[in-house]
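Note that the structure is predicted; figures quoted are calculated from it, not measured.
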Amino acid sequence: MTPRSSAINATSTGERTGVAAEIEGRFGSEGFLTAVQHTKDEIPTIWIEKNRLRETLRYLRSEIPRPFSMLFDLSATDERLRRHHEGLPIGVFTVFYHLFSFDRNQSIRIKVPLSGEALSLPSIVDLWPNADWYEREVYDMFGVRFDGHPFLRRLLMPPWWEGHPLRKDHPARGTEMGRFQFPPEKLVMTQEALQFKPEEWGLSRTHQDPDFDYMFINLGPAHTGTHGVLRLVTQLAGEEIIDIVPDIGFHHRAQEKIAERQTWHTFIPYTDRVDYLQGALNEMPYCLSVERLAGIEVPTRAQTIRVMMSEFYRLASHLVWYGTFAQDVGALSPVFYMFNDRERIHGITEAICGGRMHPNWFRIGGVAQDLPIGWDKLVHQFVDWFPSRLDEYERLVMDNPIFKERTVGIGAFSLEDAIAWGATGPMLRACGLPWDLRKVRPYSGYDQFDFDVPVASNGDCYDRAVVHVLEMRQSLRIIRQCLDSMPSGSYKSLDPLATPPLKERTTHDIETLIHHFVGVSWGPVLPPGEAEVPTESSKGQTSYYLTSDGAQVSYRTRIRTPSFAHIQMVPFMARGELLSDLLAVLGSVDYVLSDVDR
């Protein structure tokens with residue numbers, strides 16, 4: 001297939017505008033801004049020298065008017081095999097910082113090129129506490145060190161792992177690595193690595209009282225309250241939580257690495273497994289980012305279908321959270337009722353998509369098929385039936401005095417804390433900020449729907465539950481509007497990067513047959529460039545930051561998930577609470593381990 005023109009323009013060397021002009025006005029151009037990159041998502045992307053990193057980030061965080069107060073993401077790219085980088089000061093590796101300003105409703109990327117043998121940058125954990133895990137992940141996956149990080153060690157891979165998986169020279173398939181063996185000496189080494197040594201994490205074994213020692217216990221990695229393979233090493237004084245050291249990575253499947261070997265189309269089924277509870281909500285940000293990268297316009301009908309199915313999966317995910325959260329604090333019956341209702345939703349998604357938990361139904365440019373005959377009857381029955389169930393659940397759970405006793409005032413944090421830790425979705429809105437991307441940065445036609453953004457004020461476990469419950473009613477409002485005003489038209493774009501030539505034409509000319517064969521077997525060739533379109537998933541903001549090098553596969557796919565950011569907050573939320581409150585804190589977060597580890 002003939003590739004489209006490059007999406008990378010020459011870097012700007014003339015007059016700066018916007019945030020770039022503000023940075024240059026503060027520091028001057030010498031030694032700071034080395035380039036301003038054009039990206040398809042139109043996020044200001046600024047390259048700076050590494051020795052200017054901290055003062056630039058500090059300025060953006062707190063000194064610039066309407067500051068960029070949230071560190072949304074931090075990761076890296078191995079640039080050694082990249083071909084299309086015209087005019088950019090690319091080194092062997094690039095570390096990028098994605099910041100966000102609520103006052104501006106704007107993102108900014110700061111990129112730092114790294115070259116030579118010493119791959120290192122100064123840590124920014126003192127500027128943003130959530131940089132802790134992000135820097136450890138970059139160290140783990142790419143081998144870039146962060147000077148000044150208090151506990152720089154592997155995060156997702158075991159400590160004995162050799163190599164850095166997201167480097168281009170690391171194998172992408174198990175068959176490329178030879179037979180995996182676990183001899184006795186490696187077993188001993190692994191068991192020793194699992195032994196927790198408090199001193200290595202800055203924790204004391206002994207209380208100020210010499211006759212009193214702290215107790216350290218494992219919660220997980222095999223524990224019903226962790227909802228997956230998550231290990232939490234808790235430091236206790238009696239039953240009071242002094243600190244927690246989370247241990248993640250047991251569920252790591254290298255989704256970002258897999259994206260480098262799959263074509264743009266064939267990676268869609270893998271997105272369903274990132275958060276296996278929210279189905280099509282995983283597919284939305286990926287498809288939107290690919291479409292922005294390729295310049296594909298999605299038909300109105302396809303956008304509305306996407307919205308309807310996304311809200312069904314939001315309901316399905318919230319029902320799992322609702323029932324299991326009630327179970328975590330001692331109520332057993334709700335989880336059975338709510339899983340039964342989730343089965344009704346999956347009956348609808350199966351009738352429309354052909355799949356249930358993993359629908360694999362969104363496509364680049366639209367959806368896989370048009371809505372089947374009778375879809376409206378199924379949806380109508382559900383939206384008429386479900387509100388009374390929500391009423392019953394509110395009486396059963398939210399009004400229950402025991403549930404309130406276990407959740408009100410537990411695991412609370414302020415709006416400032418939420419922003420500092422990168423909290424999004426219900427975690428952020430429970431602190432009083434009505435920030436929902438479907439409203440403030442609408443995508444897929446969400447601006448055409450009438451719905452409210454539920455908020456609470458205390459930021460505790462109960463308020464996080466309140467926001468979830470109210471969101472379910474708003475999802476019903478959106479689904480009903482889709483039902484009442486589903487537009488006509490095509491369910492998929494006919495753009496050649498999204499859809500092969502029509503089948504009936506392939507029997508008349510060989511050129512069409514060739515393009516059809518190449519488009520299906522090899523996949524489309526996307527123009528070089530970068531794009532990212534965050535969306536509001538069931539647990540918070542999810543995004544796919546895609547880099548194309550003019551090939552059938554992604555050069556770099558960065559998956560930013562809300563669960564990763566939120567689980568990092570658990571020690572902060574749980575300090576000072578009782579051990580029994582920890583399960584309430586975990587349940588209120590609404591996370592899934594596949595979304596944490598990817």
Side-chain angles (χ1 to χ4, degrees), residues 268-269 271-284 287 298-324 334-363 366-393 438 444-446 448-451 468-489 491-492 535-539 592:
I268 295 176
T271 67
D272 286 337
R273 278 78 178 173
V274 172
D275 178 349
Y276 49 73
L277 295 178
Q278 65 173 10
L281 281 169
N282 295 292
E283 301 167 15
M284 177 76 89
C287 289
V298 180
T300 304
R301 180 177 177 85
Q303 291 187 22
T304 307
I305 293 173
R306 283 180 171 184
V307 167
M308 182 177 72
M309 299 312 299
S310 294
E311 296 309 315
F312 267 121
Y313 276 103
R314 192 184 310 276
L315 284 174
S317 179
H318 278 12
L319 281 170
V320 173
W321 161 84
Y322 207 172
T324 54
V335 70
F336 295 104
Y337 303 148
M338 295 174 190
F339 267 67
N340 183 63
D341 295 351
R342 177 171 171 260
E343 283 299 304
R344 284 178 175 257
I345 293 175
H346 281 325
I348 297 173
T349 62
E350 186 176 19
I352 294 175
C353 306
R356 292 159 54 83
M357 288 181 64
H358 304 141
N360 183 26
W361 198 58
F362 286 8
R363 293 291 184 271
V367 293
Q369 296 172 312
D370 205 350
L371 295 170
I373 296 174
W375 72 272
D376 49 345
K377 181 179 179 181
L378 291 174
V379 174
H380 197 282
Q381 289 174 345
F382 181 82
V383 297
D384 285 345
W385 167 82
F386 194 53
S388 62
R389 300 288 285 182
L390 289 179
D391 294 339
E392 183 178 354
Y393 296 152
R438 296 172 295 173
S444 194
Y446 266 108
Q448 304 300 314
F449 294 89
D450 180 25
F451 65 99
H468 277 88
V469 171
L470 295 178
E471 280 186 359
M472 297 173 76
R473 296 189 182 274
Q474 299 306 313
S475 291
L476 277 178
R477 285 181 64 185
I478 295 172
I479 292 171
R480 188 178 289 277
Q481 291 172 64
C482 293
L483 174 66
D484 295 339
S485 57
M486 179 64 67
S488 58
Y491 64 89
K492 191 177 181 183
T535 63
E536 196 72 41
S537 69
S538 64
K539 298 169 177 61
V592 62

* **Partner of Met284 by side-chain contact (heavy atoms from CB on, under 4.5 Å), out of Met309, Arg306, Gln278** => Arg306
* About how many Å separate OG1 of Thr349 and CG of Leu378, when rounded to the nearest 0.5 Å? -> 10.5 Å
* To do: Determine whether Tyr313 and His346 make a side-chain contact, defined as any pair of heavy atoms from C-beta on separated by less than 4.5 Å.
  => yes
* To do: For Thr324 and Val320, work out which heavy atoms get closest and say how close.
  => OG1-O, 2.7 Å
* Would you find a donor on one side and an acceptor on the other, under 3.5 Å apart, between the side chain of Ser388 and the backbone of Trp385? -> yes
* Do side-chain atoms of Arg301 reach the backbone of Asp370 as a donor and acceptor pair under 3.5 angstrom? -> no
* Does the side chain of Ser444 come within less than 4.5 Å of Val298's, by heavy atoms? -> no
* Pairwise distance OG1(Thr304) to CG(Leu483) - rounded to 0.5 angstrom -> 12.0 Å
* Closest non-hydrogen atom pair, His468 against Ser538 -> NE2-O, 4.5 Å
* Taking every non-hydrogen atom, the tightest pair across Ile345 and Phe312 -> CG2-O, 3.6 Å
* Asked: Taking the side chain as C-beta and beyond, is there a heavy-atom pair between Arg438 and Glu311 under 4.5 Å?
  -> yes
* Counting N and O atoms only, with roles assigned by atom type, does the side chain of Ser485 sit under 3.5 Å from a partner on the main chain of Cys482, one being a donor and the other an acceptor? -> no
* What is the minimum heavy-atom distance between Ile479 and Leu315, and which atoms define it? -> CD1-CD1, 3.8 Å
* Do any N or O atoms from the side chain of Glu283 and from the backbone of Asn360 form a donor-acceptor pair under 3.5 angstrom? -> yes
* Should Val379 and Ile348 count as side-chain neighbours, where that means a heavy-atom distance under 4.5 Å? -> yes
* **Heavy-atom check, side chain of His318 versus side chain of Ser475, under 4.5 Å** => no
* Structure fact -> When rounded to the nearest 0.5 Å, the distance separating CD of Gln381 from CG of Asp376 is 10.0 Å
* Measure from NZ or CZ of Arg389 to the centre of the six-membered ring of Phe386 and say whether it is under 6.0 Å with the direction within 45° of the ring axis. => no
* To do: Taking the side chain as every heavy atom from C-beta outward, state whether Trp321 and Val592 have any pair of such atoms under 4.5 Å apart.
  => no
* Is there a side-chain contact between Thr271 and Phe362, using heavy atoms and a 4.5 Å cut-off? -> no
* To do: Check whether more than 12 heavy atoms from other residues, nucleotides or ligands sit under 6.0 Å from atom CZ of Phe451, and answer yes or no.
  => yes
* Please name the pair of heavy atoms, one in Pro359 and one in Ala280, separated by the smallest distance, quoted to 0.1 Å. => CG-N, 3.8 Å
* Between Tyr446 and Glu536, does a side-chain contact (heavy atoms from CB on, under 4.5 Å) hold up when you go through it step by step? -> CA-CA 11 Å; Tyr446 266 108; Glu536 196 72 41; over 6 Å; no
* Asked: Does Asn282 reach the main-chain N or O of Gly279 with its side chain, forming a donor-acceptor pair under 3.5 Å?
  -> yes
* Structure fact -> Rounding to 0.5 Å, atoms CG (Leu476) and CZ (Arg314) come to a distance of 12.0 Å
* Leu281 backbone acceptor or donor facing Ser310 side chain under 3.5 Å -> no
* **Residue pair Ile305, Trp361: steps toward the side-chain contact (heavy atoms from CB on, under 4.5 Å) verdict** => CA-CA 11 Å; Ile305 293 173; Trp361 198 58; 3.4 Å; yes
* Aromatic Phe382 / basic Arg344 pairing, under 6.0 angstrom, 45° off normal -> no
* **SB check Asp391 Arg473 (cutoff 4.0 Å)** => yes
* To do: Taking only Lys NZ, Arg NE, NH1 and NH2, and the carboxylate oxygens of Asp or Glu, determine whether Arg356 and Glu343 approach each other closer than 4.0 Å.
  => yes
* Structure fact -> In this structure, CD of Gln448 is separated from CG of Asp450 (nearest 0.5 Å) by 11.5 Å
* Would you check if there is a donor-acceptor pair between the side chains of Gln474 and Arg477 at a distance under 3.5 Å? => yes
* Asked: Where is the tightest heavy-atom contact between Ser317 and Lys539, given as atom of each residue plus distance?
  -> OG-NZ, 3.0 Å
* Output all residues satisfying salt bridge (Lys or Arg N to Asp or Glu O under 4.0 Å) with Asp484, sequence neighbours left out; order by chain, then residue number. => none
